[in-house]
Every structure is written in structure tokens, then in C-alpha cells.
Amino acid sequence: MLDAVGKLNRIHFDQFADPEIETRIAQYEMAFRMQTSVPDLLDLSKEPQHIIDLYGPDARKPGTYAANCLLARRLLERDVRFVQLYHRGWDQHNDLPRDLALQCKGTDRASAALVMDLKQRGLLDDTLVVWGGEFGRTVYCQGRLTETNYGRDHHPRCFTMWLAGGGVKRGFSYGETDDYCYNVVSNPVHVHDLQATLLYCLGIDHLKLTYKYQGRHFRLTDVHGVVLKDVLA
């Protein structure tokens, strides 16, 4: 049936030469390749025990952050060009001592394992790992302050992200806040600077990556952004 559909699409293209038909054919082919490759991708039975131990006991539990990190490595091994992991539930406006400890416990080990696993397989040099959230949180208490329970509000001025592999320096910190973690006092990094630097690591000049809309050339960093050469290896 699939072969017949492909032949009909090809006949249709020969009649009308519509490039959208070729796009449809390519999408069907990609869907077929995904269907045949995903079962092998998700089969962790062949992963050695020392790799499971590296990521932690949750690595065999589907849907956990540890399992997703392990799947991310398996996707990268198969030349998937972009992998994005989500881990929700960081919005601690209250119960921060309990909830933040649980979040860190669920992500710290697996995140480190992913970087180490990529490195030992020779994949880290051409893989850029970016770890970050939406923005930071204040150092001030939100809500009722007790010894065991308090929260923090959002803080857009200062927050931290980390990068690994892909041409960035190792063991290196860039930027600094004041003693209250409220304002930047050295090496500020705007989100456009971060975007420009990530694109540079991927081999893309953010000044040239433009698209035309309503008579004007737009780019991902708008009219802003500089590449942070100091963070590059």
C-alpha cells in the first residue's frame, strides 16, 4: 500500500511539477524511517550496566529525566542534529527547600552523566550542550519565611546557564553579580549575545542568517547580539 501511494504521488508530481508533492513524498519516507528506527532507539536492554549506573537508577524508567538524558545520547549517536529535553516543575514560589532538592536530585547526576558519556564516546567535540531555564530567581524570600518553608519570586536580571562541548571553554565562569545577586557587575550577557554565540558554535554567522519579511531583512538576534569570544575554546 505504501509503495502504491508513493507511485501515485510520483505520477501526480510528473503531471503538475508541484514541489509540494515532492515534499509530501519526502515526509512519508521520513515517517517510515522514524517508525522503523524508534523501536531500536528506545530499547535500552543492550546498554551495559555501568552506563545505567552512570545515569542513575531512574535511567530505565521511561519519562524520567535520567531516561531522557540517556535517550538524548542515543539520538545523538544516530546523527540527530537537534535534541531538546524538558524538565518541568521548577516554579518554586513556596516549598522551595523540599521541591528544589527533589528537582536537583532528579537532574544533577543525569546531566553530568550525559556530558561524560558524550565525552567518552568522542561525541562532545561536535555536540554543544546547553543547560538553562527561563530565567533566575531572587535571593529574597517570597511568602511566609520559616526555618523549613519559604519561596522565591522570579528574577529576570541575573540567572545562570551552563554550556559544555561544542567549542566552549571547560571549567570557566563568565559574568558576575553584586553581593546581593541583584545586578550584573561584570561581563553582562544579553540573551541576544547568548544566541549569537550558540549560532557561532554551530557554524552560523548570526549577522548573515536573515529572512526577508515586508521589505525588511530580519535575523534571529534582531539588530543586537555579539559573539562572546572569551567563552570559546
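Bear in mind that the values here come from a model prediction, so they are computed numbers and not experimental data. Atom set for the values below is all heavy atoms of this structure, side chains included, hydrogens, waters and symmetry mates excluded.
- The residues Asp222 and Arg216 are annotated as salt-bridged, a charged nitrogen and a carboxylate oxygen being separated by less than 4.0 angstrom.
- Between Gln27 and Thr23 the shortest side-chain heavy-atom distance falls below 4.5 Å.
- Judged purely by atom type and a 3.5 angstrom limit, Asn149 has no side-chain atom pairing as donor or acceptor with the backbone of Thr146.
- By the 6.0 Å contact criterion, OH on Tyr200 is open, its count of non-hydrogen atoms from other residues, nucleotides or ligands being 12 or less.
- Aromatic ring centres of Tyr182 and His155 lie closer together than 6.0 Å.
- One distance of note links CG of Asn9 with CD1 of Ile25; it measures 5.0 Å at 0.5 Å rounding.
- In this structure, CG in Leu220 is found 11.0 Å from CG in Leu198, a value given to the nearest 0.5 Å.
- Residues Val80 and Val83 share a closest heavy-atom pair of CG1-CG2, 3.9 Å.
- Looking only at side-chain heavy atoms (C-beta outward), Leu75 and Leu41 come within less than 4.5 Å of each other.
- The number of heavy-atom neighbours closer than 6.0 Å to CG of Asn183, taken from other residues, nucleotides and ligands shown, is above 12.
- Remark: Asp117 engages Tyr55, Arg73, Gln120, Arg121 in a side-chain hydrogen bond (donor to acceptor under 3.5 Å, both in side chains) (not counting sequence neighbours).
- The main-chain N or O of Arg98 is never found under 3.5 Å from a side-chain atom of Asp95 such that the two would form a donor-acceptor pair.
- In terms of heavy atoms, Ala66 sits closest to Ala110 at CA-CB, 3.6 Å.
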request  = For side chain to side chain contact (heavy atoms under 4.5 Å, CB included), just list the numbers for Trp90 and Arg88, CA-CA rounded to whole Å, side-chain angles, deciding distance to a tenth of an Å, and then say yes or no.
outcome  = CA-CA 6 Å; Trp90 292 88; Arg88 304 175 65 175; 5.9 Å; no
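- Atom CZ in Arg170 sits 9.0 Å away from atom CG in Leu124 (nearest 0.5 Å).
- At a threshold of 4.0 Å, the pair Arg137-Asp91 counts as salt-bridged, since one of the basic side-chain nitrogens sits closer than that to a carboxylate oxygen.
- Around the NZ atom of Lys119, the shell of radius 6.0 Å holds no more than 12 heavy atoms that belong to other residues, nucleotides or ligands.
- In this structure, the separation between OG1 on Thr221 and CD on Gln195 is 7.0 Å, given to the nearest 0.5 Å.
- Taking 4.0 Å as the cut-off between side-chain N and carboxylate O, Arg10 and Glu22 count as a salt-bridged pair.
- In terms of modelled atom types and a separation under 3.5 Å, the side chain of Thr64 and the main chain of Arg60 share no donor-acceptor contact.
- Pairing each heavy atom of Ser111 with each of Thr107, the nearest pair is OG-O, 2.7 Å.
- Between the side chain of Glu176 and the main chain of Ser173, no donor-acceptor pair closer than 3.5 Å is present.
- Taking the six-membered ring where the residue is Trp, His12 and Phe16 present perpendicular rings, their angle passing 60° and hence far from 30°.
- Atom CE of Met116 sits about 9.5 Å away from atom CD1 of Ile51, to the nearest 0.5 Å.
- If you chain together hydrophobic residues whose side chains sit under 4.5 Å apart, Phe13 and Ile11 never meet in one group.
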key: Trace of the side chain to side chain contact (heavy atoms under 4.5 Å, CB included) decision for Cys158 with Phe135   = CA-CA 8 Å; Cys158 307; Phe135 50 1; over 6 Å; no
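- The same ILVMFWY cluster, assembled from side-chain heavy atoms under 4.5 Å apart, contains both Leu42 and Tyr65.
- Salt bridge Arg78/Asp40: present, at least one basic N to carboxylate O contact under 4.0 Å.
- Side chains of Asp99 and Gln103: no donor on one and acceptor on the other come within 3.5 Å.
- Across Leu232 and Cys201, no two heavy atoms sit closer than the pair CD2-SG, 3.7 Å.
- Using a cutoff of 4.0 Å between basic side-chain nitrogens and carboxylate oxygens, Glu47 and Arg74 are scored as salt-bridged.
- In this structure, Lys169 forms no cation-pi arrangement with Tyr174, as its terminal cationic atom is not both closer than 6.0 Å to the ring centre and no more than 45° off the ring axis.
- Judged by distance alone, the side chain of His206 and the main-chain N or O of Val227 form no donor-acceptor pair under 3.5 Å.
- By the rule that hydrophobic residues join a cluster once side-chain heavy atoms approach within less than 4.5 Å of another member, Leu128 and Leu85 end up as members of separate clusters.
- Rounding to the nearest 0.5 Å places CG of Leu2 at 8.0 Å from CD of Gln35.
- Aromatic ring orientation, Phe218 versus Tyr211: parallel (interplanar angle below 30°, classes split at 30° and 60°).
- Thr197 places a side-chain N or O within donor-acceptor distance of the main-chain N or O of Leu228, the cut-off being under 3.5 Å.
- The side-chain heavy atoms of Phe82 and Gln84, taken from C-beta on, include a pair separated by under 4.5 Å.
- Here the closest non-hydrogen pair linking Leu123 and Glu77 is CD1-CG, 3.8 Å.
- When every heavy atom of Met161 is checked against every heavy atom of Val130, the shortest pair comes out as CE-CG1, 3.8 Å.
- Hydrophobic cluster membership differs between Phe32 and Tyr28, with clusters built from Ile, Leu, Val, Met, Phe, Trp and Tyr side chains linked at under 4.5 angstrom.
- Under the 4.5 Å side-chain heavy-atom criterion for ILVMFWY residues, no single connected hydrophobic cluster contains both Leu102 and Trp131.
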task = May I have the step-by-step check of side chain to side chain contact (heavy atoms under 4.5 Å, CB included) for Arg219 and Thr210, ending in yes or no?
result = CA-CA 4 Å; Arg219 66 179 198 237; Thr210 65; 3.9 Å; yes
ask   = Where do Leu118 and Val129 land on the side chain to side chain contact (heavy atoms under 4.5 Å, CB included) test, with the steps shown first?
value = CA-CA 10 Å; Leu118 291 172; Val129 181; 3.9 Å; yes
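- Phe172 has its side chain within reach of Val231: a pair of non-hydrogen atoms, C-beta onward, lies under 4.5 Å apart.
- The aromatic rings of His154 and His93 stand perpendicular to each other, their planes meeting at an angle above 60°, with 30° marking the opposite boundary.
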